[in-house]
Amino acid sequence: MYTSRSYCGELTLEMVGNRVELAGWVESNRNLGGIIFMKLRDVTGTVQMVVDSSASSELLSTADQARSEFVVRASGTVRKRDPRNVNPDLPTGAIEVVADSIIILNASLVPPIPVDVKDQTGEDLRLKYRYIDLRREDMRDAIIKRHRAMMAARRFLSENRFFEIETPVLNKSTPEGARDFLVPSRNSIGEFYALPQSPQLFKQILMISGFDRYFQIVKCFRDEDLRNDRQPEFTQIDLELSFIEAGDIMRVVEGLLQEMVREVTGREIKTPFRILSYREAMDRYGTDAPDTRFGLELSDCGDIFSNSDFTMFTAALADGGVVRGIAARDDGKISRKMIDQYAEEAKVFGIKGLPMCRYTGSAAEGGIAKYLKPDDIDKLRTRFNLSGQSILFFAAGSPAAVSSALANVRIKLGRALNLIDEDRLEFLWVTDFPLFEYSRDDRRFYSKHHPFTAPRADCLSMLASLKPEEAERVIAQAYDVVLNGVEIGGGSIRINNPDVQSSVFSLLGISREEAEMKFSFLIDALGFGAPPHGGIALGLDRIMMLLLRRKSIRDVIAFPKTTRGQCLMSNAPSPVSPEQLEELNLKVIGK
RNA sequence: GGGGCUGUAGCUCAGUUUGGUUAGAGUACCUGCCUGUCACGCAGGGAGUCGCGAGUUCGAGUCUCGUCAGCCCCGCCA
């Protein structure tokens with residue numbers, strides 16, 4: 001029986017004199033000859049145990065044999081440390097446990113990665129030996145705080161009349177959106193389930209069923225290429241509400257995030273969050289997920305350069321493109337080398353280069369300065385509110401390429417000039433997204449959010465005959481929530497009118513038959529008394545990554561996959577036996 | 001699908017520029033000594049498929065080509 005067990009990290013000065021039983025892993029074992037110090041670790045932390053020469057020879061010998069990561073059970077008496085032996089770096093450093101019994105429950109091989117060192121080991125090894133990696137303090141901390149964040153979310157939402165309702169994991173594949181992970185069906189040979197990209201359709205159905213307020217902390221699956229903030233399976237806090245407008249959902253989400261931030265960091269955040277329209281975000285920051293912890297806003301400069309001698313600009317403008325710029329007071333800190341590097345890295349966004357010049361406080365020099373007329377310089381000074389020694393970067397080309405390139409430069413400048421306060425949590429709503437995007441290549445409209453997103457009431461009339469060039473004029477009742485430049489959630493008010501749903505499908509080129517085949521149950525359901533409803537999904541992994549200031553969501557997930565989607569611990573995915581394939585009537589054609 | 005960085009002892013890395021002695025360091029590990037350590041100390045020891053495969057060469061950790069893996073980025077992610 002272990003019922004009387006105490007936890008290492010919870011021993012305090014108040015417990016001095018108490019006899020305690022402990023169980024855990026040996027973090028370090030120092031034998032000084034006549035005295036042994038063994039640091040014992042469990043899920044709460046570590047405490048120092050002492051065995052000195054007054055102990056039985058049996059106890060001394062057991063203590064001497066314990067090695068790193070051995071599992072032991074021990075008992076002893078809590079003792080106050082002599083003031084000169086206190087370890088201020090250890091939470092339990094004011095006390096120690098004088099052991100009277102140590103039992104080695106299990107030995108350990110020499111651990112392939114160090115447990116007591118912070119973040120030093122290559123990530124592939126950490127993933128292979130995840131069970132050891134998870135013993136490390138920062139990983140343990142992340143996993144425990146993630147649990148607390150989930151508990152806070154469940155508590156907050158339950159208190160606000162939400163019901164947590166599970167939705168199917170095995171469901172129908174829909175070719176729209178991300179690639180599906182497919183699951184073959186043994187009972188229906190040649191047919192497949194798909195793992196959900198999100199419970200979207202089912203949560204809407206729940207609204208129509210009258211469940212009013214739904215939430216679920218749920219895994220979602222997308223078979224796309226990965227990034228440091230993207231995993232093939234990830235966790236959403238998924239919400240859907242009836243009889244609400246966008247503002248109601250925003251208030252709920254603000255309260256929820258406030259609660260989660262309080263639980264994880266102990267900090268208070270201010271609500272309501274700032275709101276930026278999509279247009280404004282793109283114009284001022286070049287991205288729909290701006291980091292608003294610092295300024296350095298972009299400005300359009302097409303008017304200034306419309307008659308320029310610098311042909312890269314005039315050519316881009318003549319071609320229907322844009323010229324935009326960004327300026328920062330750098331007092332000469334941005335070096336030639338950095339400028340070249342920025343320009344090189346900007347090319348991946350599809351622009352030819354990153355023309356620049358310096359502003360000295362009165363004149364322009366370097367780079368494209370020789371093409372600037374005095375009048376141009378005046379205009380630039382006003383437009384960017386230039387003062388002191390500043391640096392200006394420009395980009396010319398398609399609006400999308402220019403925006404993403406300059407948004408990227410903006411972040412680099414912010415970091416290089418130390419303008420980003422890492423302590424701040426800048427939450428932001430981005431609203432008024434366009435409902436559609438038009439693809440010139442495919443010559444068709446695509447949903448920017450998803451096909452069930454409601455247009456704003458004043459845009460309904462445009463649906464009947466929308467021209468490609470007007471695509472962005474139809475505004476959706478959609479909203480993203482952004483934290484420090486990372487999208488942590490997005491949602492919308494849904495279409496609850498079958499006629500509107502039909503016109504959106506027809507604009508998206510989804511025929512009646514196709515819609516019938518893919519989402520018939522939702523379309524049917526909309527005809528049986530669908531309440532006005534809407535919702536949002538929050539990315540739990542990303543939220544935890546940002547709140548805990550980790551570089552990757554892998555650091556807040558117990559068992560993440562590599563960027564190729566492999567689990568280095570279990571070696572998934574892996575081949576299956578011919579018998580399994582045969583039973584499913586599947587054949588692997590080749591690699 | 002494309003680009004970049006990385007791969008050397010259990011771990012972290014140096015050595016690769018300019019091919020040439022027996023491939024090193026710190027740490028971990030093992031042994032001995034040590035009664036207040038907590039990055040213990042001291043002495044000694046073991047430890048390598050230089051990611052893998054070809055090629056060039058008298059000779060390859062080092063040069064070339066291919067390939068695999070991890071990470072980062074573009075595309076992609078309704």
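Letters A, B, ... mirror the listed sequences (proteins, then strands); counts begin at 1.
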S.K.: Which nucleotide sits closest to the side chain of A/S552: B/G70, B/C11, B/C72?
M.R.: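 Among B/G70, B/C11, B/C72, the one nearest the side chain of A/S552 is B/C72.
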
S.K.: Just call it for A/T174: base, sugar-phosphate, or nothing, with non-hydrogen atoms closer than 4.0 Å on any strand.
M.R.: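 No contact.
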
S.K.: Measure from the side-chain heavy atoms of A/D225 and tell me the nearest of B/G36, B/C72, B/G1.
M.R.: B/G1

S.K.: Hey, can you pull the residues of residues 508-522 of chain A with a non-hydrogen atom under 4.0 angstrom from RNA chain B?
M.R.: none

S.K.: Paired with B/G7: which nucleotide, if any, by Watson-Crick or G-U wobble criteria at under 3.5 Å for both distances?
M.R.: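 Paired with B/G7, as far as the under-3.5 Å criterion goes, is B/C68.
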
S.K.: Ignoring hydrogens and geometry beyond distance, is the side chain of A/D52 in donor-acceptor contact with the base of B/G36 at under 3.5 Å?
M.R.: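 Checked by distance alone, the answer is no.
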
S.K.: Which part of the nucleic acid, if any, lies within contact of A/Q566, taking any heavy atom under 4.0 Å across all strands shown: a base, the sugar-phosphate backbone alone, or nothing?
M.R.: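 Sugar-phosphate contact only - A/Q566 comes under 4.0 Å of backbone atoms but never of a base.
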
S.K.: Pairing check on B/U17: which nucleotide meets the Watson-Crick or G-U wobble criteria with it, both distances under 3.5 Å?
M.R.: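 The base-pairing partner of B/U17, which may sit in any strand shown, does not exist here.
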
S.K.: Can you tell me if the side-chain N/O atoms of A/R84 get under 4.0 Å from OP1 or OP2 in B/U37?
M.R.: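 Looking at the OP1 and OP2 atoms of B/U37, neither is under 4.0 Å from any side-chain N or O of A/R84.
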
S.K.: When both hydrogen-bonding distances must be under 3.5 Å and the geometry is Watson-Crick or G-U wobble, what is B/C29 paired with, if anything?
M.R.: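 For B/C29, the partner nucleotide comes out as B/G45, under the 3.5 Å rule.
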
S.K.: Mind checking A/R81 for me? I need base, sugar-phosphate or nothing, with any heavy atom below 4.0 Å counting as a touch.
M.R.: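 It contacts base atoms.
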
S.K.: Identify which nucleotide among B/C38, B/C11, B/C77 has an atom closest to any side-chain atom of A/L125, counting heavy atoms from C-beta outward.
M.R.: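 Per side-chain heavy atoms of A/L125, the pick is B/C11.
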
S.K.: Without hydrogens or angle criteria, can the side chains of A/D291 and A/N484 be said to hold a donor-acceptor pair below 3.5 Å?
M.R.: no

S.K.: For A/R222, is there an ion pair with A/E233 - N to carboxylate O distance below 4.0 angstrom?
M.R.: no

S.K.: Base, sugar-phosphate, or nothing: which does A/R79 touch, judged by heavy atoms less than 4.0 Å apart?
M.R.: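 Since a base atom lies under 4.0 Å of A/R79, the category is base.
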
S.K.: In whole angstrom, give me the gap between the C1' atoms of B/G10 and B/G41.
M.R.: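 The answer is 24 Å between these two C1' atoms.
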
S.K.: Between A/E470 and A/R473, is the closest basic N to carboxylate O distance under 4.0 Å?
M.R.: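 Salt bridge: yes.
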
S.K.: Consider the side chain of A/N85, meaning its heavy atoms from C-beta on, and name the nucleotide among B/C72, B/C38, B/C77 that approaches it most closely.
M.R.: B/C38

S.K.: Under 4.0 angstrom, heavy atoms only, what part of the nucleic acid is A/G93 near: base, sugar-phosphate, or nothing?
M.R.: nothing

S.K.: Taking only side-chain N and O atoms of A/N228, does any of them lie within less than 4.0 angstrom of OP1 or OP2 on B/C73?
M.R.: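 Checking A/N228 against B/C73: at least one side-chain N or O falls below 4.0 Å of OP1 or OP2.
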
S.K.: Check every strand shown and say whether A/P112 touches a base, only sugar-phosphate, or nothing at a heavy-atom separation below 4.0 Å.
M.R.: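 Sugar-phosphate: the residue A/P112, judged by heavy atoms under 4.0 Å, touches backbone atoms but no base.
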
S.K.: Send over the distance from A/R564 CZ to B/C68 P, rounded to a whole Å.
M.R.: 8 Å

S.K.: Does a donor on one side chain and an acceptor on the other come within less than 3.5 Å for A/Q197 and A/D180?
M.R.: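 Yes, a side-chain donor-acceptor pair sits under 3.5 Å.
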
S.K.: Within the structure shown, what part of the strands sits under 4.0 Å from A/I113 by heavy-atom distance: base, sugar-phosphate, or nothing?
M.R.: nothing

S.K.: Please compare A/L568 and A/L90 by the position of their nearest nucleotide in RNA chain B and report the one closer to 5'.
M.R.: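 On the 5' side of the pair lies A/L90.
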
S.K.: Is any side-chain N of the basic residue among A/R136 and A/D138 closer than 4.0 Å to the acidic one's carboxylate O?
M.R.: yes

S.K.: Provide, to the nearest angstrom, the distance between the NZ atom belonging to A/K561 and the C1' atom belonging to B/A69.
M.R.: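 Spelled out: NZ on A/K561 to C1' on B/A69 is 17 Å.
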
S.K.: How do A/L226 and A/D82 order along RNA chain B: which one's closest nucleotide is nearer the 5' end?
M.R.: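 With A/L226 and A/D82 compared, the 5'-side residue is A/D82.
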
S.K.: Is A/Y446 touching bases, backbone alone, or none of the nucleic acid, heavy atoms closer than 4.0 Å?
M.R.: nothing

S.K.: Does the side chain of A/K412 come within less than 4.5 Å of A/E345's, by heavy atoms?
M.R.: yes

S.K.: Checking all strands, does A/E96 fall into the base, sugar-phosphate, or nothing category for heavy-atom contacts under 4.0 angstrom?
M.R.: base

S.K.: Taking the minimum atom-to-atom distance to the side chain of A/S68, which one of B/G36, B/C29, B/U12 wins?
M.R.: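 When the side chain of A/S68 is considered, B/C29 is the closest of B/G36, B/C29, B/U12.
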
S.K.: Answer with yes or no whether A/R230 presents, from its side chain, a donor or acceptor under 3.5 Å of a partner atom in the base of B/C77.
M.R.: yes

S.K.: With a 4.0 Å cutoff (strictly under), does any side-chain N or O of A/R227 reach OP1 or OP2 of B/C74?
M.R.: yes

S.K.: State whether the number of non-hydrogen atoms from other residues, nucleotides or ligands found under 6.0 Å of A/W25 atom CH2 is greater than 12.
M.R.: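 No, because the 6.0 Å sphere around CH2 of A/W25 holds 12 heavy atoms or fewer from other groups.
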
S.K.: For a 4.5 angstrom cut-off between non-hydrogen side-chain atoms, does A/S68 reach A/N29?
M.R.: no

S.K.: Partner lookup for B/C63, please. Criteria are Watson-Crick or G-U wobble with both distances under 3.5 angstrom; report none if nothing qualifies.
M.R.: B/G55

S.K.: Between A/S61 and A/Q65, is there a side-chain donor-acceptor contact under 3.5 Å, judged purely by atom types and distance?
M.R.: yes

S.K.: Side chain of A/T121: nearest nucleotide among B/C30, B/C11, B/G36?
M.R.: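 Of all the options, the side chain of A/T121 is nearest to B/C11.
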
S.K.: Between B/C74, B/G10, B/C71, which nucleotide gets closest to the side-chain atoms of A/L127?
M.R.: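 Shortest atom-to-atom distance from the side chain points to B/C71.
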
S.K.: Which part of the nucleic acid, if any, lies within contact of A/E123, taking any heavy atom under 4.0 Å across all strands shown: a base, the sugar-phosphate backbone alone, or nothing?
M.R.: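 Contact class for A/E123: sugar-phosphate only.
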
S.K.: Can you tell me, in whole Å, how much space there is between the C1' of B/A39 and that of B/G20?
M.R.: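 Comparing C1' positions in B/A39 and B/G20 gives a spacing of 40 Å.
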
S.K.: Please say whether more than 12 non-hydrogen atoms of neighbouring residues, nucleotides or ligands are located less than 6.0 Å from OH in A/Y193.
M.R.: no

S.K.: Whether A/S28 contacts B/C38 is assessed here as follows: a side-chain N or O lying under 4.0 Å from the phosphate OP1 or OP2. Is that the case?
M.R.: no

S.K.: Could you work out which one of B/C11, B/C73, B/C77 sits closest to the side chain of A/E224?
M.R.: B/C77

